[in-house]
Structure formats: C-alpha cells, structure tokens
Amino acid sequence: MADKHDKVMELALRRGFFWPSFEIYGGVSGFYDYGPLGATLKKKIEDKWREFYCVKEGYLEIFSPTIGPEEVFIASGHVESFVDPMVECKKCRTPFRADHLITSVLDIKLDGLSFKELEDLIREKRIKCPDCGGELSGVWSYNLMFKTHIGPGERKVGYLRPETAQNMFVLFNRLYSFYRKKLPFGVAQLGKAYRNEISPRQGLLRLREFSQAEVEIFVDPEDKTHKGFSSVANKKLRLLPRDGKEIIITAGDAVKKNIIAHELLAYQIILTQEFLLEIGIPSQKIRFRQHAQNEMAHYAADCWDAEVSTERFGWVEVVGIADRTCYDLESHEKESKTELKAFKQYSKPKKKKKEILIPNMRELGPRFKQMVGEIVNKINSIGDEGVRDFLESGFIEIEIMGQKIKLDERYLEVKYVEETITGEKITPHVIEPSYGIDRILYCMLETAYTERDNKVVLMLKKPLAPIEVAVFPLINKPQLNEVAKRIYDSLKNEGFYVTYDENDSIGRRYARVDEIGVPYAITVDFESLKDDMVTIRDRDTTKQFRVHIKDVSKIIKNLLKGEITIENI
RNA sequence: GCGGCCGUAGUCCAGCCUGGUUAAGACAUCUGCCUGCCACGCAGACGACCCGGGUUCAAAUCCCGGCGGCCGCACCA
C-alpha cells in the first residue's frame, strides 16, 4: 500500500518538485535537485522566513562561504566531536560505536578517551562482538564533515560547513560594530550546509547537502528577555519536556514554571510555531520537544525541537531552537586569539577606591638612566597585590633584562585614587533558531496532499503555491484563446506566477493545476466575449465566481493574501 | 556500513521462476479532429529493460560486482 510519503514522492517526481540527483550516472544518495516547482516553493518558504526574521524581528541576513579553514571547525568542536569512534566485527561485520559498546559491556562510564585508549580497553578486556562473539577490528573514526583542501597541495585543510552558524560567530566583531555595539542583536543566514551522512534515506528528510536558515541572537547572559514577549505570553504551546509528559501550556506559564528556561527561548518557540502555522502546518501536527541532557549537541545548554507529525516517519524535527550559551564565542576567542566580547555598560558607573604606586622620577632617572622606561612600565603594571606587598614590606622587587632590582620608598610613592568603572566586557550568549528548509518543504507537501474524486489536490497555503494562477479558454477556440492569452500576459506583467493551457478538456486542465496546487483558475468562455467577465475557480472548493476582466489582477491579489475569499468577492 | 526485498518508457507496472521474432498494458505527454465548466470521445505519434563483467549460439530473464531505492540493525551535533 502506498502511503502518503510514496504518493508525495511520486507527485514530486512526476510534476517537477524534486528529483534524485545525478540520475543518469546512477544517482548518489543524499542529494536531490529541486525542479521548477520545488525551487519556486522553496524560494517562497525562504522568503516567508525572511519576512519573519529579517523584516519583523530585524535580524539582518548575511551570506558567507560554505567552505571554511580547519581552524574554524577545530574551534567549533566539529573536528573532534563530530566524529564517531567505530569498530566492526571481523566475522559478522556488524559495526558498533566503540564507546557505546565498551560502556554497555563493562558497565562503566567513559569520558574523553582517545581512540587508542578505546582500542586498548577492547583488547585488555577481551571484548568480543555482542552478536556473534567474533573478534573486533581496530577503532576507526568517522567524521561527518566533508573534507577538502584549500589551494594547491594538501597543506591547507578545509571543510564544507556542517552548519551555517559558525560564520556568524567568526564574524562577531564585525557584526557587533555593525549593530553599533549594542546587545541584543541578531544575524540571519540562509544557505547550504553539508554532512556526509553514513546512510542517508528518507528523501528530503536526511540530505548530505541541505539548506539551513539560522539566526544567531547575541544577548546579555543576564538578560534573556524579549521586548515582544508580553504580546505572545498567552499563546499556547504543545510541549514535550525532558520528563516525557506532554503538556499544553501558555508560553508565559511555561517560563514561569521554569519548563522553558527563559523568555527569549519561549519567544523563539512561539515565533517558530507561528511560522509553521503560516505555511500551512496545522497546529495538531506541531509540537516542541526538549532535548534530553545526553542528546544535546556539544555546545547547547537547552534545546527544543519543533517537530511536525508525518505519516511514515512520525514526529520529524524541522527546527531546532537552542541556547548555545557562550560556548561558540569563547571557543573561537581561544582558537583565534582574538577577543570576541561585548562591552556591557553599567547603568551607574561603579566607583572603586584603591592605592596605586607612583614612580619618583627624580630619584629613578639619575639612578637607572636608560632602564627607566622599562622600570616605569613594570611599576604601572603592578596589580593590587603588588601594592599591598609594598605597603607591608616597604619595597618591591622587579626584574629588568635578567637583573633584579629592589625599589624602596625612595623610588615609589603610594597614592590613593578613586577609579570609575563604567562597565565590563562580557561574552554574549547565543540563542539560535535553526530551520531545516528541505524538511519543512517536505512536511508542507505531505500536509497539503489531499485526494478528491481520485484526483490529487495539493492544498498548499495559497500565497506559497509555486504557480499562483492559471488562465484557460473554456475550449480551444481562437477567439477564446486570444482573450485568455491577453489576461495571461497582463497577470504576468503584474508579477504573478501564471500558467496558460489550452490543451484537452477544461476538466482535465483543472485537474492538472489542482495537482500542483494552483489556487485559482481563470476561465474565458463565450459570454466573456460579450460582457468582459471571466470565471474564477477556487482550488479547494471548486466554487466559481464571475468577475470583470479589469478587476482580475486586483481580486487575485486579495484572494492570495487572504483579504477576501471566493464567497465574498 | 551490514542483512532482507527490489530496480523495465515521464509515472504505475506485465514479462524473469522455465533465456529465443517487433518487450505488453494503463495513465501522462505531443499532433489532428471533437468538445460550452471539473481527468469526455476518436485517430495517430513519442517513449523503457540501472551500470559493468560473466555464462550462453542467444540475457530484461541465470551468475558476480557496483550504483540506487524501500524495510530492519547501526548512525543521525
């Protein structure tokens, strides 16, 4: 029995939403081409995402390279953590995660062992294949990143990015200046990411090259609020928290009861829900699942997945909403030796009284001559502790060019000063909603797929349909064709995605456009030649209304926007 | 990566077990006629054995390998 997944895949293939890539060379799994309808649909989903995040939230978009130098992914942890240690049974060839196997056989916890250590443990403890008792192979690693080389030769290693996020962390200082050094700010990026999956399946749900739409919101770690939160606090969410008990709760209560860690995360979850509803996923097919502690990515502190219910695969993750804390910025700061911090100004400057040492130049100059410069630098860099030592013992000892110099009260004077501290440097935390565009597109198609009288009707949300309006002559006659083509041309000029068809019967043409989700069809009949009116037919109800040709474009526009319906034109 | 099943026009599939003339059908597509609102009818056209090797006089068919798909195991930041 063909399930909905089969039917959607068949439709996608036949009508040009997407196709397996490189078919004439036998195909390569994990890659798909978007055909004309799929590419247009994808573009519309992406534009909707832009409308939500870039326009309404003001998180402007950037566009970065998809290849990055090794250092980026060493810092991000992907070179080390995006790897699985694998062993294989030499006899039955079953592969195992080496660490999982040892953990389960020896009933011990393993943390951060090297591959060699894992291998030694297996040999020492004589661990065999749990399935057949066969001998195990050595430990080998599988890194899910695509590796490449930058420039000639193999000296400079690069990787195809496994997520779009890293570019935005690497660019932090530039972005921080762009946003005029104020937190919070957000940056968006829509682009390709690459993961060399061991065994990709399930069509668009697990690709080796896929489109991510990510936003990184940089915030003060002590202020994870959102100014728009009060307006969404009453909206309901279907949550599946870590404890596994599903609840329906308002965003406000979820924060109050500490189910969702903070307002900003809750706001992002609501925003994601609004997005999914807007593209036509019904609310009963949406839930948010909290990651278990051990399931979370190496960088995340808390993470909620937006999941959409599908017929074959059950709940499918389409958006991940994570609090990545300061992990990424700190890692890049360390690896690049470049400060990646924001300056947090205190609401009131803090005053601090302290003692400092003032060099007595009158004495130091004649005594130390050309060494004075160095000595003064050393004195100025002496911390509070050094000052305290001096107060107690009456001298300090410094080292200049291997020479120890003792300085006593003759050379130094203690001064009491009041220092004003206006703020401090902090590493912002990052909240990240990360959309899987391809998965969303699949879920949209599956949701939209319906059958009516044995015919497929793709009930896509109207503004998102790749073809927005079809124009037909009632029958294939030159007089009608001429008028229909004129309407077709004028709609194209108005900016609509339009199709024109005069082949076969009117019924077949309606069926053809229903199948690809065209929301409205305009039909020119013989009456039209007399009264300048045409029929608009609604995809979902097949209801028809006659309107003036001159009003067609305005009416279609309003229908698509949902400002009017076919019943109240 | 392993195991099971599978791979034939754009799509769905017959034929394969038991090798043999021109690989059948349906739908879709195209052309012509017809057709006055939901896949109408008639006539015609286009179009396929996943790739490589082997066995054989002869391979879609049997054997081996590869690639791809589905399911299960494993994996999935």
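Computed from a predicted model, the values in this text were never measured in an experiment. In the text below, chain A, chain B and the rest are named by the order of the sequence lines, each starting its count at 1.
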#### Entry: Atom pair distance, as rounded to whole Å: CD1 in A:Ile516 and P in B:U11
18 Å
### Integer angstrom distance from the C1' of B:A28 to that of B:C62
35 Å
### Polar side-chain contact A:Arg312-B:C71 base: donor and acceptor under 3.5 Å
no
#### Entry: P spacing across the pair B:C46 / B:C37, given as an integer number of angstrom
34 Å
### Message
Checking base pairs now: Watson-Crick or wobble, both atom distances under 3.5 Å. What partners B:C16?
### Response
none
### Task
Determine the Euclidean distance between corresponding P atoms of B:C70 and B:U11; express it in Å to zero decimal places.
16 Å
### Query
Quick one: A:Lys7 NZ to B:U11 C1', roughly how many Å, whole number?
15 Å
### Task
Measure centre to centre between the rings of A:Phe496 and A:Tyr520, then say whether the value is under 6.0 Å.
no
### Spacing between A:Asn503 atom CG and B:A45 atom C1', to the nearest angstrom
14 Å
### Task
Determine the Euclidean distance between corresponding P atoms of B:A59 and B:G20; express it in Å to zero decimal places.
11 Å
### Message
Does A:Arg201 contact B:G72 through a side-chain donor or acceptor facing the base, at a distance under 3.5 Å?
### Response
yes
#### Entry: Contacts of A:Glu317 that satisfy side-chain contact (heavy atoms from CB on, under 4.5 Å) - sequence neighbours left out
A:Asp305, A:Arg439
### Query
Now, which nucleotide makes the Watson-Crick or G-U wobble pair with B:A23, with each of the two distances under 3.5 Å?
none
### Query
Name the one of A:Leu458, A:Leu11, A:Val457 that satisfies side chain to side chain contact (heavy atoms under 4.5 Å, CB included) with A:Glu515?
A:Leu11
### Task
For A:Phe313 and B:C71, give me the distance from atom CZ to atom C1', rounded to whole Å.
11 Å
### Query
Quick one: on RNA chain B, does A:Tyr25 or A:Met9 contact a more 5' nucleotide (nearest heavy atom)?
A:Tyr25
### Query
Any cation-pi pair here, A:Arg287 with A:Trp315, using under 6.0 Å and within 45°?
yes
### Summary
Paired to B:U56 by Watson-Crick or G-U wobble criteria (both distances under 3.5 Å) is none
### Task
Please determine which of A:Asn503, A:Asn481, A:Val534, A:Thr523 meets the side chain to side chain contact (heavy atoms under 4.5 Å, CB included) test together with A:Phe472.
A:Thr523
#### Entry: Nucleotide B:C71, atom C1' - distance to CD of A:Glu311 in whole Å
16 Å
### Message
Can you tell me the base-pairing partner of B:C49? Count Watson-Crick or G-U wobble geometry only, both distances below 3.5 Å, and say none if there is no partner.
### Response
none
### Watson-Crick/G-U partner (both atom distances under 3.5 Å) of B:C30
B:G44
### Message
Does this structure show an ion pair linking A:Glu482 with A:Arg486, if we count only N-O contacts that are shorter than 4.0 Å?
### Response
yes
### Query
How far, in whole Å, is B:C33 from B:A48 if one measures between their C1' atoms?
30 Å
### Task
Let me know, please, whether A:Pro162 or A:Val28 comes out on the 5' side of the other along RNA chain B by nearest nucleotide.
A:Val28
### Message
Any base atoms under 4.0 Å from A:Gln202, or only sugar-phosphate, or nothing? Heavy atoms, all strands.
### Response
sugar-phosphate
### Query
What distance, rounded to whole Å, do you find between the two C1' atoms, one in B:U8 and one in B:G4?
22 Å
## Note on the structure
In whole angstroms, the gap separating P of B:C76 from CZ of A:Arg439 amounts to 13 Å
### Message
If I take atom CD in residue A:Glu10 and atom C1' in nucleotide B:A9, what distance separates them, rounded to the nearest angstrom?
### Response
14 Å
### Task
For A:Pro433 and A:Tyr53, work out which heavy atoms get closest and say how close.
CG-CE2, 4.1 Å
### Message
Using atom P in both nucleotides, what's the gap between B:U56 and B:A45 to the nearest angstrom?
### Response
41 Å
Can you pull every protein N or O that's under 3.5 Å from an N or O on nucleotides 34-41 of chain B?
{"from": "B:C37", "atom 1": "O2", "to": "A:Tyr510", "atom 2": "OH", "distance (Å)": "2.6"}
{"from": "B:C37", "atom 1": "O2", "to": "A:Gln544", "atom 2": "NE2", "distance (Å)": "2.8"}
{"from": "B:C37", "atom 1": "N4", "to": "A:Asp525", "atom 2": "OD2", "distance (Å)": "3.0"}
{"from": "B:C37", "atom 1": "N4", "to": "A:Thr535", "atom 2": "OG1", "distance (Å)": "3.0"}
{"from": "B:C38", "atom 1": "O2", "to": "A:Arg537", "atom 2": "NH2", "distance (Å)": "3.2"}
{"from": "B:C38", "atom 1": "N3", "to": "A:Arg537", "atom 2": "NE", "distance (Å)": "2.6"}
{"from": "B:C38", "atom 1": "N3", "to": "A:Arg537", "atom 2": "NH2", "distance (Å)": "3.4"}
{"from": "B:C38", "atom 1": "N4", "to": "A:Arg537", "atom 2": "NE", "distance (Å)": "3.2"}
{"from": "B:C38", "atom 1": "N4", "to": "A:Thr542", "atom 2": "O", "distance (Å)": "2.8"}
{"from": "B:C38", "atom 1": "N4", "to": "A:Gln544", "atom 2": "NE2", "distance (Å)": "2.8"}
{"from": "B:A39", "atom 1": "OP2", "to": "A:Lys455", "atom 2": "NZ", "distance (Å)": "3.4"}
{"from": "B:C40", "atom 1": "OP1", "to": "A:Arg508", "atom 2": "NE", "distance (Å)": "3.2"}
{"from": "B:C40", "atom 1": "OP1", "to": "A:Arg508", "atom 2": "NH2", "distance (Å)": "3.2"}
{"from": "B:C40", "atom 1": "OP2", "to": "A:Ser505", "atom 2": "OG", "distance (Å)": "2.6"}

### Message
Using whole Å, what does the distance between atom P of nucleotide B:G69 and atom CZ of A:Phe31 come to?
### Response
11 Å
### Integer angstrom distance from the C1' of B:U21 to that of B:A58
13 Å
#### Entry: side-chain contact (heavy atoms from CB on, under 4.5 Å) against A:Pro221, all qualifying residues, sequence neighbours excluded
A:Ile426, A:His429
### Task
Considering non-hydrogen atoms only, spot the tightest contact between A:Glu468 and A:Pro519 and give its length.
O-CD, 3.2 Å
### Query
Counting only Watson-Crick or G-U wobble pairs whose two distances fall under 3.5 Å, which nucleotide matches B:G3?
B:C71
